[in-house]
Amino acid sequence: TLGYRARTRRKFKQPFRRKGAIRMTNYMTRFKKGDIVDIRVDSAIHKGMPHQYYHGKTGRVFDLNKRAVGVKLLKVVGNRKMEKRLNIRVEHLRHSDSRTEFLNRIRKNDKLKAAANKEGKRISTKRQVEKPQGERTVSFDIDTVTYRVNTPFIEFH
């Protein structure tokens, strides 16, 4: 049968050494309006658990309650994206790292630009696509080549 938690055996499983008592850091985390959060369902807590579809999705906080947080995100339905507003308990939410890399890159680029301005140079802080490796010439001695196949190749006509 296809119930509300059907086929979630591996999806809702706790990782290695995370089973057992519920961690207090889940309750101590502070959320603010506008924060980007990841929905990670904690299967030990049944209250305020979102549907399995939303596990692993990222949304933005739009509302704060006593024990729950309002999260809005986009869901693809057919050929359109619908905005969904969910009330999820804090145990099922984590702060997202999706924006931290972007903010770290901005800080690093600002430092590079400030250093370049002191030297009177202009630099490009755009990300570059990794180029293929350059060509190389491999040299070897034909006498030292060993064959791994014991039987020689014999062509039959």
Side-chain angles (χ1 to χ4, degrees), residues 1-138 148-149:
T1 61
L2 296 178
Y4 195 74
R5 292 180 62 176
R7 300 173 182 161
T8 59
R9 180 178 190 169
R10 291 180 183 85
K11 185 181 280 193
F12 286 170
K13 190 180 76 152
Q14 290 293 337
F16 182 59
R17 291 185 178 154
R18 283 294 301 269
K19 298 171 180 66
I22 299 156
R23 297 176 181 240
M24 291 309 296
T25 54
N26 295 359
Y27 297 100
M28 305 296 280
T29 309
R30 287 179 173 255
F31 296 102
K32 294 181 290 194
K33 284 186 181 180
D35 283 353
I36 299 174
V37 292
D38 292 332
I39 300 171
R40 278 196 71 229
V41 174
D42 186 353
S43 56
I45 299 144
H46 301 158
K47 283 189 174 182
M49 179 188 287
H51 188 263
Q52 60 179 341
Y53 170 82
Y54 301 104
H55 179 75
K57 300 284 189 271
T58 303
R60 193 175 287 270
V61 174
F62 75 93
D63 187 27
L64 297 168
N65 297 322
K66 192 173 182 182
R67 291 181 188 87
V69 175
V71 178
K72 64 179 179 181
L73 51 96
L74 294 175
K75 179 179 181 180
V76 177
V77 180
N79 62 347
R80 64 197 185 281
K81 292 182 180 178
M82 292 179 63
E83 184 186 65
K84 292 285 191 172
R85 290 175 176 252
L86 310 170
N87 284 313
I88 304 170
R89 282 177 75 116
V90 293
E91 297 95 300
H92 307 292
L93 295 175
R94 308 276 181 279
H95 279 290
S96 179
D97 291 334
S98 62
R99 192 157 169 84
T100 54
E101 182 187 346
F102 172 69
L103 294 173
N104 290 339
R105 198 171 74 241
I106 287 176
R107 289 187 198 104
K108 186 183 86 172
N109 287 346
D110 288 343
K111 288 178 183 176
L112 290 173
K113 285 178 187 175
N117 283 341
K118 285 183 180 178
E119 297 173 10
K121 296 179 182 176
R122 291 189 64 186
I123 59 167
S124 174
T125 55
K126 291 182 180 179
R127 291 177 289 173
Q128 298 297 323
V129 177
E130 190 174 328
K131 296 184 170 85
Q133 294 180 350
E135 61 184 27
R136 289 185 289 252
T137 305
V138 179
R148 296 184 70 157
V149 180

Checklist line | Full working for side chain to side chain contact (heavy atoms under 4.5 Å, CB included) between Arg5 and Gln52 | finding: CA-CA 7 Å; Arg5 292 180 62 176; Gln52 60 179 341; over 6 Å; no

Next item on the list: List the steps and the verdict of side chain to side chain contact (heavy atoms under 4.5 Å, CB included) for Val37 and Val61.
Entry: CA-CA 7 Å; Val37 292; Val61 174; 3.8 Å; yes

Margin query: For Arg7 and Leu2: C-alpha separation, side-chain torsions, deciding distance, then whether side chain to side chain contact (heavy atoms under 4.5 Å, CB included) applies.
Written below: CA-CA 8 Å; Arg7 300 173 182 161; Leu2 296 178; 3.6 Å; yes

Notebook entry, point to check: Does the side chain to side chain contact (heavy atoms under 4.5 Å, CB included) test come out yes or no for Lys57 and Lys75, once each step is laid out?
Noted result: CA-CA 9 Å; Lys57 300 284 189 271; Lys75 179 179 181 180; over 6 Å; no

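Nearest heavy atoms, Val41 versus Pro50: CG2-CG, 3.8 Å. Shortest non-hydrogen contact noted between Leu64 and Lys33 is CD1-N, 4.2 Å. Across every non-hydrogen atom of Tyr53 and Val76, the tightest pair is OH-N, 3.9 Å. For the residue pair Thr58 and Ser96, the shortest heavy atom distance occurs at CG2-OG, 4.0 Å.
Using a 4.5 Å heavy-atom cutoff, the side chains of Leu73 and Leu86 are in contact. Between Asp42 and Gln14, the closest side-chain pair of non-hydrogen atoms falls below 4.5 Å. Between Ile39 and Leu93 the shortest side-chain heavy-atom distance falls below 4.5 Å.
Residues passing the side chain to side chain donor-acceptor pair (under 3.5 Å) test with Gln133 are Arg136, sequence neighbours excluded. In this view, Phe16 satisfies the ring pair (Phe, Tyr, Trp, His ring centres under 6.0 Å) rule with no residue, not counting sequence neighbours. With sequence neighbours excluded, the residues forming a salt bridge (charged side-chain N to carboxylate O under 4.0 Å, His left out) with Arg85 are Glu83, listed by chain and number. Every residue meeting the ring pair (Phe, Tyr, Trp, His ring centres under 6.0 Å) condition with Phe31, not counting sequence neighbours, appears here in chain and number order: His95. A search for ring pair (Phe, Tyr, Trp, His ring centres under 6.0 Å) contacts involving Phe12 returns His55, not counting sequence neighbours.
A cation-pi arrangement is not found for Lys84 relative to Tyr54, the charged atom failing to lie both closer than 6.0 Å to the ring centre and inside a 45° cone about the ring normal.
Looking at Arg60, its side chain does come within 3.5 Å of a backbone N or O of Gly34 through a donor-acceptor pair.
Sorted by first and then second residue, the salt bridge (charged side-chain N to carboxylate O under 4.0 Å, His left out) pairs with a member in residues 107-135 read Glu119-Lys121; sequence neighbours excluded.
Distance check, rounded to the nearest 0.5 Å: OG of Ser43 to NZ of Lys19 gives 9.5 Å. To the nearest 0.5 Å, the span separating CG on Asn109 from CD1 on Ile123 amounts to 7.5 Å. The line from CD1 of Ile36 to CG of Asp97 is 10.5 Å long, rounded to the nearest 0.5 Å. Between atom NZ of residue Lys47 and atom CD of residue Glu91 there is a gap of 10.0 Å, rounded to the nearest 0.5 Å. Separating the CE atom in Met49 from the NE2 atom in His51 is a distance of 11.5 Å, to the nearest 0.5 Å. The distance from the NZ atom of Lys11 to the CZ atom of Arg40 is 13.0 Å, given to the nearest 0.5 Å.
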